[in-house]
Each structure stands twice: as structure tokens, then as C-alpha cells.
Amino acid sequence: MKQLFEPVTPARGPALKNRLVLAPMTDTQSHDDGTLTDEEYEWLTGRARAGFGLTMTCAAHVQPQGRGFPGQLGIFCDRHLDGLARLAAGIREAGSVGLVQLHHAGVRSPAELIDTVPVGPSADVETGARALSLGEVEQLAEDFITAAARAQRAGFDGVEIHGAHGYIISQFLSAEANRREDRYGGSPENRARLLFDIVGGIRERCGEGLLLAVRISPERFGLRLAEQREVARRLLQEGQIDLLDVSLWDTFKEPREEEFQGRPLAAHFSDLERGRTLLAFAGRIRGGGDAIRCLEAGADLVLVGRAAILHHDFPQQVQTDPDFQAVDLPVTADHLRAEGLSETFIRYMGRWRGFVTAEDE
């Protein structure tokens, strides 16, 4: 438990006062144009005040056509700057390090939400998405880079590139979703090119003062563990990023692919050489014991999601009682109100099966 609350210093950016990270979570609380609301500000600064060493925003879309959810935070134009600057300052004043997660939903952008046809690496019959042209792929990389620079201008300590969960970068990584025949398709190296173009572009544009993180997920959405492990190896060893965030769905599960079973999924990443790059795991961290097991599994940082929704003061609870566990689900809407969730956020959580009691949905 002592290790969990020790400071840790990334290769770039400020030191974190502990190893607990507020995971980036969708909450649908922003204005329709992507600008910050008071509800979003209070949610994130409230968790920062409660003791998280690192506070990540929800996914912020880098292009209008990359919007994935109603009420999604935006970072694709300068009208977002005032709200982002307010949020960055609030997180810092609360004693936490602040990162914006940069996102594009790709083929998963609902057409009715973006008022146009969604786009992805290749055409997708199920969603009606069209394939990006080569020039549009290059513009996509530029828009991620510009968004990172905008976050830096707003005063954030860093950004995280969302390369997980079947969104656009993950779609490029997947051989099922990416059937391109140019330099962004075909081989695993080509399918990873967009991600590494963005990483290199952000580092060049924003310099050494920005903490740069990447989120990947090793399974589902057509991803193969061997290929994702190779992406992770490059990210860890090339030294361009400061934090690799591996979203495992369940930190302690075994891989889905039979050939890799016999040891935890996390072990396929924790055994990679990482130099000064920090490694973080996310997935079903419900209490102090889980957080410690996560560190024992090789992580430097622990991302907390649902348990942070259920308990605004999760870090304080764990520091006081190492055996602290999040309450069992479902919970009432009143419980969530008491933990600082807005009515908008509560309605969104009501869509999660088994999270909010039926009478409150």
C-alpha cells in the first residue's frame, strides 16, 4: 500500500503524487458544440481534489466528424480553449496532473450525430462508413497533433492518444477493419503507421514539456494480441511516449486467444522492456487489494474507472483502509448524486446494464 501512494515521476511532465489515475470515461456532460459545462468541470476537478495523482478527461474528439457520443467534449477548434483552460487550471489547483484524451470514433461515429457519413480506414457496410482518402488520413494525423498542441496551450500537463476500444486508431490497427492497400494498410507495421505518425508529430510539435500517453487494448474489435504486443514494444522502447495505458477489460484475466493462455493477459505487456516509460493497467479495479495486485502484476500506475464513479474519494478511502472495496452494483441514483454525479451523468449510467437500480433508471 505504501508503494501505491508514493510519488512517481514520468520521463516528461510533472511528478504524480501517487499511482492512482482517474480513467478516461464517457459521461455525455459537455455542450452540444463540445464546449465545457459546469457539470463536467465539477466531475473532473472533484475527483482530482479527492486525491487522484493523475486525472484524465473523457474522450475529446479531434474532428467534428469524429464525434462518438452526445455531449462529448471537443478539442477540434479554438472555441474549446476557454473551457479547456478552466479545466486544466482546476485540475492543477486540486493537486493533480491533468491529461486530455484525444479521440476520433471513426466508423463508430453515428451518422445522425455528425450529420454526415462516418469515415474509417476502409468502407464499412454495417455502419455505412466510407474509406478515408490518403490525404484525409494525413489530415487526421495532423488534427490529432493540432489537438495536442491546443491542449498544451490550454495548460494541460499532457494528452493521451485513444488507440483502443475499436475507435479510429484501433480500426487502423485491425486487419479486419483496415483493408487499405496504401502505406497505411496491409502489414502490421503499415497499419500501425497512423498511430506512430501521430506520436512523432505530437512530440515534434509540442516538445519535451508535454506528458504523452497512448491507450491501447489488446483484444476484441479484430485486434490480435501478438500485433498489439509489438505495438506496445515499439511504444515502450522508442522513448517518444511517457505512459502506455493498456485497457484490459479485466486486469487479471487470461487472453482470449488460446495460444497465449496460461498466464494473465497483463503479463504479455509487463514483461516488455520499458526504459523510463510508465506502464498502466485498467480493468475492474474495485478496491485497494485490486490496485496492489495491479502493481504486483507489473504496472507503474493503476487506472480506476467505475469505482471512481461510485466513490468520489476512492483514493482517500483506499489510503485509510487497504481493504476498501467499492459498493456492490446496482446502486441508486441518490447514491450517485451523493457522489457528485450530475443528472446527465446519472441518466447515462442508467444505460449501463445493472449499474443503477431499476426504479431509478
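By the 4.0 Å N-to-carboxylate-O rule, Arg203 lies close enough to Asp242 to be salt-bridged with it. Salt-bridge check for Arg205 with Glu142: passed, with a basic side-chain N closer than 4.0 Å to an acidic carboxylate O. A salt bridge is absent between Glu254 and Arg263: the closest approach of a Lys/Arg side-chain nitrogen to an acidic carboxylate oxygen does not fall below 4.0 angstrom. Arg67 and Asp32 are joined by a salt bridge, as a carboxylate oxygen and a charged side-chain nitrogen come within less than 4.0 angstrom of each other. We find that Arg224 and Glu219 are not joined by a salt bridge, their nearest charged nitrogen and carboxylate oxygen being 4.0 Å or further apart. A salt bridge links Arg153 and Asp78; the closest N-O separation between the charged side-chain nitrogens and carboxylate oxygens is under 4.0 Å. Using a cutoff of 4.0 Å between basic side-chain nitrogens and carboxylate oxygens, Arg233 and Asp271 are not scored as salt-bridged.
Ser96 contributes a side-chain N or O that, together with a main-chain N or O of Phe52, makes up a donor-acceptor pair within less than 3.5 Å. Judged by distance alone, with hydrogens and angles left aside, the side-chain atoms of Arg337 form no donor-acceptor pair with the main-chain N or O of Glu343 at under 3.5 Å. Judged purely by atom type and a 3.5 angstrom limit, Gln65 has no side-chain atom pairing as donor or acceptor with the backbone of Pro118. Remark: the backbone N or O of Tyr184 is paired with a side-chain donor or acceptor of Asn178 at under 3.5 angstrom. The backbone N or O of Leu236 lies less than 3.5 Å from no partner atom in the side chain of Arg274, so there is not a single donor-acceptor pair. Remark: side-chain polar atoms of His31 are not paired, donor with acceptor, to backbone N or O of Gly71 under 3.5 angstrom. No side-chain donor-acceptor contact under 3.5 Å links Asp245 to the backbone of Arg215. When atom types are taken as modelled, the side chain of Gln261 and the backbone of Pro255 share a donor-acceptor pair closer than 3.5 angstrom. Judged by distance alone, the side chain of Asn18 and the main-chain N or O of Gly53 form a donor-acceptor pair under 3.5 Å. In this structure, Arg92 contributes its side chain and Gly155 its backbone to a donor-acceptor pair below 3.5 Å.
Within a 6.0 Å sphere centred on CD of Glu136, other residues, nucleotides and ligands contribute more than 12 heavy atoms. Heavy-atom contacts from other residues, nucleotides or ligands closer than 6.0 Å to CZ of Arg284 number 12 or fewer.
The two atoms that bring Leu303 and Ala282 nearest to each other are CB-CB, 3.6 Å, heavy atoms only. Nearest heavy atom pair, residue Phe156 against residue Leu84, reads CE1-O, 3.3 Å. Leu102 and Val62 get closest at one heavy-atom pair: CB-CG1, 4.0 Å. Nearest heavy atom pair, residue Glu227 against residue Leu173, reads OE1-O, 3.9 Å. Scanning both residues, Ala291 and Ile285, for their nearest heavy atoms gives N-CG2, 3.9 Å. The shortest non-hydrogen separation linking Tyr348 to Thr26 is CE2-O, 3.3 Å.
A side-chain N or O of Asp33 and one of Thr35 form a donor-acceptor pair less than 3.5 Å apart. Checked by atom type, the side-chain pair Gln316/Thr320 shows no donor-acceptor distance below 3.5 Å. Side-chain N/O atoms of His311 and Gln317 include no donor and acceptor closer than 3.5 Å. With 3.5 Å as the limit, one finds a donor-acceptor pair spanning the side chains of Thr127 and Asp124. Between the side chains of Gln29 and Ser342, at least one donor N or O lies within less than 3.5 Å of an accepting N or O.
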Given Thr57 and Leu73, is the side-chain contact (heavy atoms from CB on, under 4.5 Å) satisfied, shown in steps? CA-CA 9 Å; Thr57 71; Leu73 188 66; 4.3 Å; yes

Please test Phe196 against Glu238 for side-chain contact (heavy atoms from CB on, under 4.5 Å), starting from the C-alpha separation and ending with a verdict. CA-CA 10 Å; Phe196 286 93; Glu238 289 182 3; 3.9 Å; yes

Evaluate the criterion side-chain contact (heavy atoms from CB on, under 4.5 Å) for residue pair Asn190 and Arg180; output intermediate values, then yes/no. CA-CA 10 Å; Asn190 278 358; Arg180 301 180 70 90; over 6 Å; no

Run the side-chain contact (heavy atoms from CB on, under 4.5 Å) check on Ser217 and Val246 step by step: do they pass? CA-CA 6 Å; Ser217 50; Val246 185; over 6 Å; no

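Between Phe76 and the options His61, His104, His103, a ring pair (Phe, Tyr, Trp, His ring centres under 6.0 Å) holds for only His61.
Here the side chains of Lys17 and Phe5 are not in contact, with every heavy-atom distance at 4.5 Å or above. Between Pro218 and Leu248 the shortest side-chain heavy-atom distance falls below 4.5 Å. A heavy-atom distance below 4.5 Å is found between the side chains of Leu54 and Leu243. Annotation: side chain of Ser174 is not in contact with side chain of Arg191 (no heavy-atom distance under 4.5 Å). Side-chain atoms of Met349 and Val356, non-hydrogen and from C-beta on, do get closer than 4.5 Å to each other. For the pair Ser30/Gln72, no side-chain contact is recorded, criterion being any heavy-atom separation below 4.5 Å from C-beta on. The closest side-chain heavy-atom distance from Phe69 to Asp27 is not below 4.5 Å. Inter-residue side-chain proximity for Phe314 and Ile309 is flagged as unmet; no heavy-atom pair is nearer than 4.5 Å.
Linking Ile, Leu, Val, Met, Phe, Trp and Tyr residues whenever their side-chain heavy atoms come within less than 4.5 Å leaves Ile75 and Ile114 in two separate clusters. Neither Phe281 nor Trp249 shares a network with the other; the hydrophobic side chains, linked directly or stepwise wherever heavy atoms of I, L, V, M, F, W or Y lie under 4.5 Å apart, form separate groups for each. Taken together through direct or relayed side-chain contacts under 4.5 Å among Ile, Leu, Val, Met, Phe, Trp and Tyr, Leu195 and Val107 form parts of separate hydrophobic clusters. The hydrophobic clustering, which links ILVMFWY residues whose side-chain heavy atoms are closer than 4.5 Å, places Leu244 and Phe144 together. Clustering ILVMFWY residues whenever any of their side-chain heavy atoms sit less than 4.5 angstrom apart, transitively, puts Val327 in the very cluster that holds Leu336.
To the nearest 0.5 Å, atoms CG (Leu211) and CZ (Arg12) are separated by 9.0 Å. For the atom pair Glu176 CD and Phe221 CZ, the distance stands at 11.5 Å (nearest 0.5 Å). The distance from atom CG of Asp157 to atom CG of Leu212, rounded to the nearest 0.5 Å, is 13.0 Å. Here the CD atom belonging to Glu40 is positioned 11.0 Å from the CD atom belonging to Glu42, to the nearest 0.5 angstrom. To the nearest 0.5 Å, atoms CG (Leu265) and OG1 (Thr251) are separated by 9.0 Å. Note that CD of Gln101 and CE of Met25 are 11.0 Å apart. Values are rounded to the nearest 0.5 Å.
Taking the ring axis of Phe269 as reference, the NZ or CZ atom of Arg229 does not stay both within 45° of it and closer than 6.0 Å to the ring centre.
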Taking only distance into account, with no hydrogens and no angle test, what donor-acceptor pairs under 3.5 Å do side-chain atoms of residues 161-170 form with protein atoms, sequence neighbours excluded?
| unit_1 | atom_1 | unit_2 | atom_2 | d |
| --- | --- | --- | --- | --- |
| His162 | ND1 | Ala164 | N | 3.3 |
| His165 | NE2 | Ser247 | OG | 2.8 |
| Ser170 | OG | Gly166 | N | 3.3 |

